Novice: 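Mind looking over this structure? Questions follow.
Everything quoted here is computed from the prediction, not taken from an experiment.
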Amino acid sequence: NYKKLKKLDDENKSMFLDNYWSEIDPDKDTIKNELLDELNDRVIESKELFKGIDGGLLSDRAKVYIMYGPPDDQYKTSSYSNDNVEILIWKYKTGYEFKFILDTFGRYKLLPN
């Protein structure tokens with residue numbers, strides 16, 4: 001779908017996105033789209049939570065937050081591969097777990113699984 005969207009002009013992109021969000025609306029009996037509202041709320045929250053040195057909406061934590069929401073549990077550890085490095089771990093009830101390493105610039109970068 002992304003390749004198709006990328007090739008469209010602005011007007012057709014808008015129609016494509018409107019149709020997409022309409023199709024995945026979880027409750028078509030209401031005027032608003034609860035899923036789209038949730039996405040918009042997460043974007044706004046991420047912008048505030050991860051502003052500054054962490055990179056805002058472009059940060060790894062913001063991307064995960066927007067996709068999966070706030071973690072159900074999070075904690076930090078200060079030991080990784082025998083280095084004194086801070087690791088932030090986000091856990092979700094779904095079983096997903098994300099690990100972020102604090103780099104020398106003060107930003108949390110997502111570690112590959």
Novice: Which distance, rounded to the nearest 0.5 Å, do you find between the CZ of R61 and the NZ of K109?
Specialist: 11.0 Å
Novice: Given side chains that start at C-beta, do those of L17 and L5 come closer than 4.5 Å, heavy atoms only?
Specialist: yes
Novice: M67, L49: one ILVMFWY side-chain cluster at the under-4.5 Å cut-off?
Specialist: yes
Novice: Identify the two heavy atoms, one from E23 and one from K28, that lie closest to each other, and give their separation to 0.1 Å.
Specialist: O-NZ, 2.9 Å
Novice: Hey, quick one: are L111 and W90 part of the same hydrophobic cluster, counting side-chain heavy atoms closer than 4.5 Å, chains of contacts allowed?
Specialist: no
Novice: How close do R42 and G69 get, counting heavy atoms only, and between which atoms?
Specialist: NH1-N, 3.3 Å
Novice: Mind listing the closest non-hydrogen atom pair of S22 and N33 along with its distance?
Specialist: N-ND2, 4.4 Å
Novice: Restricting to non-hydrogen atoms, name the atom on L58 and the atom on K63 that form the minimum distance, rounded to 0.1 Å.
Specialist: O-CE, 3.4 Å
Novice: Please check if the side chain of D54 supplies one atom and the backbone of G56 the other of a donor-acceptor pair under 3.5 Å.
Specialist: no
Novice: State the CD-OH distance between Q74 and Y92, to the nearest 0.5 angstrom.
Specialist: 8.5 Å
Novice: To the nearest 0.5 angstrom, please state how far the CG atom of D103 sits from the CD atom of E86.
Specialist: 11.0 Å
Novice: Do you know which two heavy atoms are closest between L8 and N12, and how far apart they sit?
Specialist: CD1-O, 3.7 Å
Novice: Under 30°, 30 to 60°, or over 60°: which ring-plane class applies to F98 and Y96, parallel, tilted or perpendicular?
Specialist: parallel
Novice: Could you grab the distance from atom CG of L35 to atom CG of N40, nearest 0.5 Å is fine?
Specialist: 10.0 Å
Novice: Kindly indicate whether the side chain of K99, heavy atoms from C-beta on, has any atom under 4.5 Å from the side chain of L88.
Specialist: no
Novice: Which value, rounded to the nearest 0.5 Å, describes the distance between L110 atom CG and I101 atom CD1?
Specialist: 11.0 Å
Novice: Report, as yes or no, whether the 6.0 Å neighbourhood of atom NZ on K51 holds more than 12 heavy atoms from other residues, nucleotides or ligands.
Specialist: no
Novice: Side chains of F100 and V64, heavy atoms from C-beta outward: is any pair under 4.5 Å?
Specialist: yes
Novice: Just verifying a value: how many Å separate Y108 OH and D60 CG, rounded to the nearest 0.5 Å?
Specialist: 12.5 Å
Novice: Look at the side-chain heavy atoms of Ile, Leu, Val, Met, Phe, Trp and Tyr, link any pair under 4.5 Å apart, and say whether I24 and V43 land in one connected group.
Specialist: yes
Novice: Measure across S46 and I66 and return the closest heavy-atom pair with its distance rounded to 0.1 Å.
Specialist: OG-CG1, 3.4 Å
Novice: What residue pairs, at least two apart or across chains, pass ring pair (Phe, Tyr, Trp, His ring centres under 6.0 Å) with a residue in residues 25-66?
Specialist: F50-Y65
Novice: Kindly say whether K93 contributes a backbone atom to a donor-acceptor pair with the side chain of D72 at under 3.5 angstrom?
Specialist: yes
Novice: Any heavy-atom pair between the side chains of L39 and W21 that's under 4.5 Å?
Specialist: yes
